[in-house]
Chemist: 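Before anything else, here's the structure in question.
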Amino acid sequence: MLGVKESPWIIHYDASSCNGCDIEALACLTPLYDVERLGVVNTGNPKHADVFLVTGAVNHQSRDVLRNIYQQLAEPRAVVAVGICACSGGIFRQCYNIWGGVDTAIPVDVYVPGCAARPEAIIDGLVKALGVLEEKQRALANRPATTLIPRPKTTGLPELVTPSLAMTTPPALLR
Ligand code: SF4
């Protein structure tokens, strides 16, 4: 676990953001904030990542991708929702194609509000995620040893519900 705390690897996914939060997330890697000097590595491979950083609200197209990436991260893993869109859907919350915040698709551990979320807040969220990872690691280590680990009956992901404001037919203008 020490290695993860000293050098957490993150993967970033834009679920449908306006790009504002993505630019702030990338700013964390620039010389001004330079999270790499703290050991943070931005990876493109979910199998290498400890922390899943998500920006933007969840829509019909990004929902399944989000769940797919999440399921490829090894345990323990932590999810950070960056920006108010990722936290709750934000200003897009009642759009016809939006499901809501990231927690409508996968479990979220840390919420970083803001529009856009400031780099300082994102780094703070990342530090909080390290605490979450440590707790999860401890829980995993305390799990009784078994020779056979039964396959879970459910995926552990939130059940998908159709938002009440979602349209069932395309708007007339889009036909
Ligand atoms: S929170 Fe603001 S800046 Fe971030 S994706 Fe949403 S609208 Fe864009």
Side-chain angles (χ1 to χ4, degrees), residues 1-30 32-59 61-93 98-140 155-160:
M1 186 62 211
L2 184 66
V4 172
K5 272 206 91 173
E6 297 291 317
S7 180
W9 285 37
I10 61 166
I11 183 163
H12 166 218
Y13 176 66
D14 169 3
S16 74
S17 102
C18 74
N19 242 7
C21 284
D22 303 303
I23 289 168
E24 299 300 336
L26 288 179
C28 297
L29 299 165
T30 59
L32 185 59
Y33 297 99
D34 197 10
V35 287
E36 283 184 348
R37 80 196 136 95
L38 308 174
V40 177
V41 175
N42 187 20
T43 176
N45 188 340
K47 295 185 178 103
H48 296 166
D50 310 296
V51 180
F52 190 13
L53 210 78
V54 188
T55 52
V58 176
N59 64 23
Q61 289 180 321
S62 63
R63 185 193 57 192
D64 292 340
V65 180
L66 197 55
R67 290 162 78 96
N68 191 333
I69 296 173
Y70 174 78
Q71 285 176 318
Q72 291 183 63
L73 268 83
E75 294 278 7
R77 59 197 163 189
V79 177
V80 183
V82 174
I84 196 63
C85 292
C87 292
S88 67
I91 58 168
F92 304 109
R93 188 182 174 86
I98 294 292
W99 288 79
V102 174
D103 56 10
T104 58
I106 58 174
V108 172
D109 299 292
V110 182
Y111 295 84
V112 180
C115 180
R118 294 177 59 83
E120 295 91 335
I122 298 172
I123 294 170
D124 195 35
L126 198 50
V127 171
K128 283 193 169 51
L130 295 184
V132 172
L133 278 175
E134 205 170 17
E135 271 175 36
K136 288 186 176 180
Q137 177 65 35
R138 212 172 296 131
L140 277 177
T155 58
L157 295 172
E159 199 176 321
L160 297 177

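All of these numbers come straight from a predicted model, not from anything done at the bench. Below, all heavy atoms of this structure are taken into account, side chains as well, without hydrogens, waters or symmetry copies.
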Chemist: Does Ile123 reach the side chain of Val35, with side-chain heavy atoms less than 4.5 Å apart?
Modeler: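 Answer yes - side chains close enough.
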Chemist: Answer with yes or no whether the side chains of Asn42 and His12 bring together a donor and an acceptor at under 3.5 Å.
Modeler: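 No - no donor-acceptor pair under 3.5 Å links their side chains.
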Chemist: How many angstroms lie between CD in Gln72 and NE2 in His48, if you round to the nearest 0.5 Å?
Modeler: 11.0 Å
Chemist: Please, which pairs that meet salt bridge (charged side-chain N to carboxylate O under 4.0 Å, His left out) have at least one residue in residues 104-133, sequence neighbours excluded?
Modeler: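 Listed by first then second residue: Asp109-Lys136, Arg118-Glu120, Asp124-Lys128.
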Chemist: Taking all non-hydrogen atoms of both residues into account, name the closest pair between Leu53 and Ala25 and its distance.
Modeler: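 Looking at all heavy atoms of both residues, the shortest contact is CD2-CB, 4.3 Å.
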Chemist: What's the shortest heavy-atom distance between Gly83 and Cys21, and which atoms?
Modeler: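 Where Gly83 meets Cys21 most closely, the heavy atoms are CA-SG, 3.7 Å.
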Chemist: Between atom CD1 of Ile106 and atom CG of Asn68, what is the distance when rounded to the nearest 0.5 Å?
Modeler: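 Those atoms lie 11.0 Å apart.
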Chemist: Hey, are the side chains of Val51 and Leu126 touching, using non-hydrogen atoms and a 4.5 Å cut-off?
Modeler: yes
Chemist: Working to the nearest 0.5 angstrom, can you tell me the gap between Cys115 SG and Ile91 CD1?
Modeler: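 Going from SG on Cys115 over to CD1 on Ile91, the span is 5.5 Å.
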Chemist: Just so I know, are the side chains of Ser17 and Cys85 near enough to count as touching, which here means a heavy-atom distance under 4.5 Å?
Modeler: no
Chemist: What are the two closest non-hydrogen atoms of Ala105 and Leu66, and how far apart are they?
Modeler: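 That would be CB-CD2, 3.9 Å.
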Chemist: Please report the shortest heavy-atom distance between Ala81 and Cys87, naming the atom on each side.
Modeler: O-SG, 3.9 Å
Chemist: Determine whether Ile10 and Thr43 satisfy the following criterion, side-chain contact (heavy atoms from CB on, under 4.5 Å), listing intermediate values before the conclusion.
Modeler: CA-CA 6 Å; Ile10 61 166; Thr43 176; over 6 Å; no
Chemist: Cationic tip of Arg77 within the cone over Tyr70's six-membered ring, i.e. under 6.0 Å and within 45° of the normal?
Modeler: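 Yes, a cation-pi geometry holds between Arg77 and Tyr70.
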Chemist: Check whether Arg93 reaches the backbone of Ser88 with its side chain - one donor and one acceptor, N or O, closer than 3.5 Å.
Modeler: yes
Chemist: Pick out which of Asn59, Val58, Ile84, Ile98 makes a side chain to side chain contact (heavy atoms under 4.5 Å, CB included) with Phe92.
Modeler: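 That would be Ile98.
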Chemist: For a 4.5 angstrom cut-off between non-hydrogen side-chain atoms, does Ile122 reach Tyr33?
Modeler: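 Not in contact.
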Chemist: Are the side chain of Ser7 and the backbone N or O of Val40 linked by a donor-acceptor pair below 3.5 Å?
Modeler: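 The answer is no, because no donor-acceptor pair under 3.5 Å joins these two groups.
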Chemist: Between Ala116 and Glu24, what is the shortest heavy-atom contact and its length?
Modeler: CB-CG, 3.7 Å
Chemist: Hey, mind stepping through Val80 and Val54 against side-chain contact (heavy atoms from CB on, under 4.5 Å) and telling me if it holds?
Modeler: CA-CA 6 Å; Val80 183; Val54 188; over 6 Å; no
Chemist: Quick one: do Leu73 and Ile69 satisfy side-chain contact (heavy atoms from CB on, under 4.5 Å)? Show the steps, please.
Modeler: CA-CA 7 Å; Leu73 268 83; Ile69 296 173; 4.1 Å; yes
Chemist: Where the side chain of Arg37 meets the backbone of Asp34, is there a donor-acceptor pair that is under 3.5 Å apart?
Modeler: yes
Chemist: As a test of understanding, state which of Val132, Leu140, Asp50 forms a side chain to side chain contact (heavy atoms under 4.5 Å, CB included) with Pro76.
Modeler: Leu140
Chemist: Taking atom CG of Leu133 and atom CD of Glu75, what is their separation to the nearest 0.5 Å?
Modeler: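 Reported to 0.5 Å precision, the distance equals 10.0 Å.
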Chemist: Do you know which of Thr30, Leu29, Ile23 makes side chain to side chain contact (heavy atoms under 4.5 Å, CB included) with Leu26?
Modeler: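 The residue from Thr30, Leu29, Ile23 that satisfies side chain to side chain contact (heavy atoms under 4.5 Å, CB included) with Leu26 turns out to be Leu29.
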Chemist: Would you call the rings of Tyr13 and Phe52 parallel, tilted or perpendicular, taking 30° and 60° as the class edges?
Modeler: tilted
Chemist: So, for Val108 and Asp103, which heavy atoms are closest and what is the spacing to 0.1 Å?
Modeler: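 Minimum heavy-atom separation between Val108 and Asp103: CG2-N, 3.7 Å.
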